[in-house]
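Okay, structure first, notes after.
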2 protein chains.
Amino acid sequence: MSISSRFAVGIHILALIELNKEGVTSSEFLASSVNTNPAVIRKLMGMLKKSGLIEVHPGIAGAKLAKELSDITLFDVYKAVNVVQEKELFSIHESPHPDCLVGRNIQNTIEPLFAAAQLAMEKVLRNVTLEDVVKDIATKENIC
Amino acid sequence: MSISSRFAVGIHILALIELNKEGVTSSEFLASSVNTNPAVIRKLMGMLKKSGLIEVHPGIAGAKLAKELSDITLFDVYKAVNVVQEKELFSIHESPHPDCLVGRNIQNTIEPLFAAAQLAMEKVLRNVTLEDVVKDIATKENIC
DNA sequence: ATTACATGTAACTAAAATGATTACATGTAA
DNA sequence: TTACATGTAATCATTTTAGTTACATGTAAT
């Protein structure tokens, strides 16, 4: 199964806040670009806010980035929107039989292997910033 | 969300077939060790068989490995049990708005980044064999 | 103050995936 | 033909997702 698109949408939201920084980036505006419901966006904005990535205020239209673009990595977004918990990218079956040689050891044997795989994936996310994302979009549009 | 435990169970099955190679490893025997239903095991056995990792025959009790332990990587099991499709570890929201600068570029920008993260994870799986897993279990049991 | 409009948040829904379970067809060998 | 194994389909409860609706809360302009 796939990791929730909340992650991709979170990146979309942050990139659009940056590229629309002269304007007002409301949940309705974002929802239109993402093609979803404003309430879905507001829920994600809440998560991004809680993680200190954006600034939003009740009653005041628009969101602003709370950090420099180059200070926000994809990993920050990934953690903010809560798509994968630590050591839980792979699920391991519970209660294997303790009387069996394999059953009583499989969890402890597999866990560090799965953790290493997850960390390798997350390391890639740590090495990409939103600045990279925004620059790539600009390049595709021949803006720069 | 997490990747299906079919992966962990698949590893469990293969390790147990190896460690019980003097005996008969039936779906019922495996189900008891994994602590699930024999039909679940048989479905997984079918997948492992289809990928050429084990040999099973209708009407004949027991499964055997079809390859050397050191020739089976965790990645082979991962692909066999079909837990994550190529380039689909992360899902990307569909139909963002094409009239928006971000909307019309976000998918193409994000896709290679997500693919790179997925590949990094899979690379770790490619570098671990079932021999490593079985040896680790043996070590934990002070067998070697 | 009231109006207009934004965010914050809860409740409800349909769709999809998972894992368990049951049942039965198919295949093998004694 | 009997006993028992694998192969496989149908069904079910649970969980997650993403969308939707509704409304409370907060701000600012009139």
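Quick note on labels: first sequence line is chain A, next is B, and so on, each numbered from 1.
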Legend entry - Dot-bracket encoding per residue of DNA chain D, Watson-Crick/G-U cut-off under 3.5 Å, | denoting interstrand: ||||||||||||||||||||||||||||||

Inset, instruction - Walk me through it: do N108(A) and N105(A) pass the test side-chain contact (heavy atoms from CB on, under 4.5 Å)? - result: CA-CA 6 Å; N108(A) 283 337; N105(A) 290 297; 5.8 Å; no

Legend entry - All side-chain hydrogen bond (donor to acceptor under 3.5 Å, both in side chains) counterparts of E122(A), not counting sequence neighbours: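 Only Y78(A), Q118(A) meet the side-chain hydrogen bond (donor to acceptor under 3.5 Å, both in side chains) criterion with E122(A).
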
Inset, instruction - Could you tell me which residues satisfy side-chain hydrogen bond (donor to acceptor under 3.5 Å, both in side chains) with T109(B), sequence neighbours excluded, listed by chain and number? - result: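 Scan of T109(B) (side-chain hydrogen bond (donor to acceptor under 3.5 Å, both in side chains), adjacent residues dropped) gives D136(A).
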
Inset, instruction - Treat primed atoms plus P, OP1 and OP2 as sugar-phosphate and everything else as base, then score nucleotides 24-30 of chain D 5' to 3': B for base contact with protein heavy atoms under 4.0 Å, S for sugar-phosphate contact only, - for none. - result: --BS---

Inset, instruction - If a pair satisfies ring-ring contact (aromatic ring centres under 6.0 Å, His included) and one of its residues is in residues 105-138 of chain B, list it, with sequence neighbours excluded. - result: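 For residues 105-138 of chain B: F7(A)-F114(B), F90(B)-F114(B).
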
Legend entry - Within residues 9-51 of chain A or reaching into it, pairs that qualify as ring-ring contact (aromatic ring centres under 6.0 Å, His included) - sequence neighbours excluded: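 Every pair satisfying ring-ring contact (aromatic ring centres under 6.0 Å, His included) with a residue in residues 9-51 of chain A: H12(A)-H93(B).
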
Inset, instruction - Using a 4.0 Å heavy-atom cut-off across all strands, classify K49(B) as base, sugar-phosphate, or nothing. - result: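 Sugar-phosphate contact only.
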
Contacts table for residues 16-24 of chain A: side-chain donor-acceptor under 3.5 angstrom, sequence neighbours left out:
from, atom 1, to, atom 2, distance (Å)
E18(A), OE2, K21(A), NZ, 2.9
N20(A), ND2, T25(A), OG1, 3.0

Inset, instruction - For R126(B), enumerate each residue passing the side-chain contact (heavy atoms from CB on, under 4.5 Å) test, keeping only those at least two apart in sequence or located in another chain. - result: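 Once residues adjacent in sequence are excluded, the partners of R126(B) under the side-chain contact (heavy atoms from CB on, under 4.5 Å) criterion are F75(B).
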
Inset, instruction - Rounded to the nearest 0.5 Å, what's the gap from CG on L30(B) to SG on C100(A)? Could you check? - result: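 Interatomic distance, L30(B) CG to C100(A) SG, rounded to 0.5 Å: 8.5 Å.
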
Inset, instruction - For E131(B), enumerate each residue passing the salt bridge (Lys or Arg N to Asp or Glu O under 4.0 Å) test, keeping only those at least two apart in sequence or located in another chain. - result: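 Partners of E131(B) by the salt bridge (Lys or Arg N to Asp or Glu O under 4.0 Å) criterion, ordered by chain and then number, come out as K135(B).
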
Inset, instruction - Could you pull out all residues at least two apart from E88(B) that satisfy salt bridge (Lys or Arg N to Asp or Glu O under 4.0 Å)? - result: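 If we apply the salt bridge (Lys or Arg N to Asp or Glu O under 4.0 Å) test to E88(B), skipping adjacent residues, there are no hits.
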
[X] [atom1] to [N] [atom2]: how many Å, rounded?
{"X": "R42(B)", "N": "dC24(C)", "atom1": "CZ", "atom2": "P", "answer": "14 Å"}
{"X": "L44(B)", "N": "dT21(C)", "atom1": "CG", "atom2": "P", "answer": "15 Å"}
{"X": "E88(A)", "N": "dT15(D)", "atom1": "CD", "atom2": "P", "answer": "15 Å"}
{"X": "M47(A)", "N": "dT9(C)", "atom1": "CE", "atom2": "P", "answer": "12 Å"}

Protein and nucleotides 17-20 of chain D: nitrogen or oxygen contacts under 3.5 angstrom:
from, atom 1, to, atom 2, distance (Å)
dA18(D), OP1, S5(A), N, 3.0
dA18(D), OP1, S5(A), OG, 2.7
dA18(D), OP2, S4(A), OG, 2.4
dG19(D), OP1, T36(A), OG1, 3.4
dG19(D), OP2, T36(A), OG1, 2.6

Legend entry - Listed once per pair and sorted, the side chain to side chain donor-acceptor pair (under 3.5 Å) pairs that draw on residues 38-50 of chain B, sequence neighbours left out: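 As it turns out, the side chain to side chain donor-acceptor pair (under 3.5 Å) pairs with a partner in residues 38-50 of chain B, which skip direct neighbours, are S27(B)-R42(B).
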
